[in-house]
Amino acid sequence: MAVAVVIALKTSEVAIPNIIRSSKAYQFAIDVTSGKIVSGKRRIQACQRFLRELEESLTDPSYPWEFDIKKGCRPIDFVEQFLVPTKGAYSKMEMLPWQHFVEANLYGWISRKTGYRRFREGIIIVGQGNGKSTMIAGNSTYGLTKDGERGAEVYCLSNAKDQARIIFNECKAQVDASPILSKHIRSTKQGMFFDQTNSKFQPLASDSKNLDGRNVHMAVFDEIHEFRDYKLINVIKGKTKKRKQPLIIYITTLGTVIDGPLMDFYIL
């Protein structure tokens, strides 16, 4: 029988700013590394890394990265304030602590020199029913409207166009149900458009007829456990080169393809 081993970090002697210490992202990392939240190896390692690098960034002026909790919380605040649930008996969006940790890491770590995001790719592996569609909708719509990028091109991607369309339609439904977002985002069958910055959000897939001419700011890949090759991934990564801080997010459950991209990402 497999046994989960929790290795807790020593109590920090570094003065963590109150604005970070009081955040759900920081508290989640503490709870995981202390064993209060029972977790697998990868989650423990991610939380240990976060706490270790946070201390280093606060004590070493030459450390190239810094953690800006305000930037890390912006997509969280966006989801909870503007998106509206379309399924279940929920009246408002409320992101879970693990989601706070993920979002804060993706958006909060920035270059001390340029202020641009540190991370350009992130993989999120979750079980079914754990808020995957909420994160897809939240990140995609945030990238469309609030990420400070003019002419942003945001894509929801999957292995097949039908699957990409299902995810996109769920995102669209959440936006259309929002009293605020529905006034500013123009929705059609082809995509969602934020005319104020000439930005768009559309579904794409490996079987899409035309993948040329893209200038990708943000891409959210759904269920990459189904991918058997890097064709679509490599195409999209190649289309981000003209952006200053592009972001590619892979959100997936586990599957049975053991020789595809997900296995490579997980091992790394």
To the nearest 0.5 Å, how far apart are [atom1] in [X] and [atom2] in [Y]?
| X | Y | atom1 | atom2 | value |
| --- | --- | --- | --- | --- |
| Phe28 | Phe50 | CZ | CZ | 11.0 Å |
| Leu106 | Glu103 | CG | CD | 6.0 Å |
| Asp31 | Tyr26 | CG | OH | 10.5 Å |
| Glu153 | Met218 | CD | CE | 13.0 Å |
| Thr134 | Glu170 | OG1 | CD | 7.5 Å |
| Leu96 | Gln99 | CG | CD | 4.5 Å |

To check you understand the geometry: which heavy-atom pair defines the closest contact between [X] and [Y], and what is its length?
| X | Y | value |
| --- | --- | --- |
| Thr33 | Ile44 | CG2-O, 4.4 Å |
| Pro246 | Val216 | CB-O, 4.2 Å |
| Ile185 | Phe194 | CG1-CD1, 4.4 Å |
| Glu149 | Ser199 | O-OG, 3.7 Å |
| Tyr107 | Lys71 | CB-O, 3.6 Å |

Lys200: salt bridge (charged side-chain N to carboxylate O under 4.0 Å, His left out) partners, not counting sequence neighbours: none
Using the test salt bridge (charged side-chain N to carboxylate O under 4.0 Å, His left out), find all partners of Asp176 that sit at least two apart in sequence or belong to another chain.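 Here the qualifying residues are Lys172.
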Under the rule for side chain to side chain donor-acceptor pair (under 3.5 Å), what residues qualify as partners of Thr59, not counting sequence neighbours? none
Can you hop from Ile166 to Ile249 via hydrophobic side chains spaced under 4.5 Å? no
Cluster link Ile124 to Val257, ILVMFWY, side chain under 4.5 Å: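 Ile124 does not cluster with Val257.
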Determine the sole option in Arg117, Arg74, Lys244 for which the salt bridge (charged side-chain N to carboxylate O under 4.0 Å, His left out) test with Asp147 is passed. Arg117
Checking [X] side chain against [Y] main chain: does a donor-acceptor pair fall under 3.5 Å?
| X | Y | value |
| --- | --- | --- |
| Arg118 | Ser111 | no |
| Glu121 | Ile248 | no |
| Arg165 | Pro203 | no |
| Asn139 | Met135 | yes |

Neighbour count above 12 (heavy atom, 6.0 Å) for [X] [atom1]:
| X | atom1 | value |
| --- | --- | --- |
| Asp229 | CG | yes |
| Arg186 | CZ | yes |
| Tyr116 | OH | no |
| Glu94 | CD | no |

Is there a side-chain contact between Thr253 and His225 (heavy atoms, below 4.5 Å)? yes
Check: Phe78 and Thr145 side chains under 4.5 Å, non-hydrogen atoms: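 SC-SC contact between Thr145 and Phe78 confirmed.
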For the ring pair Phe201 and Phe168, is the centre-to-centre distance below 6.0 Å? yes
When you check the side-chain N and O atoms of Asn159 and Glu223, is any donor under 3.5 Å from an acceptor?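 Checked: Asn159/Glu223 side chains show no N/O donor-acceptor pair below 3.5 Å.
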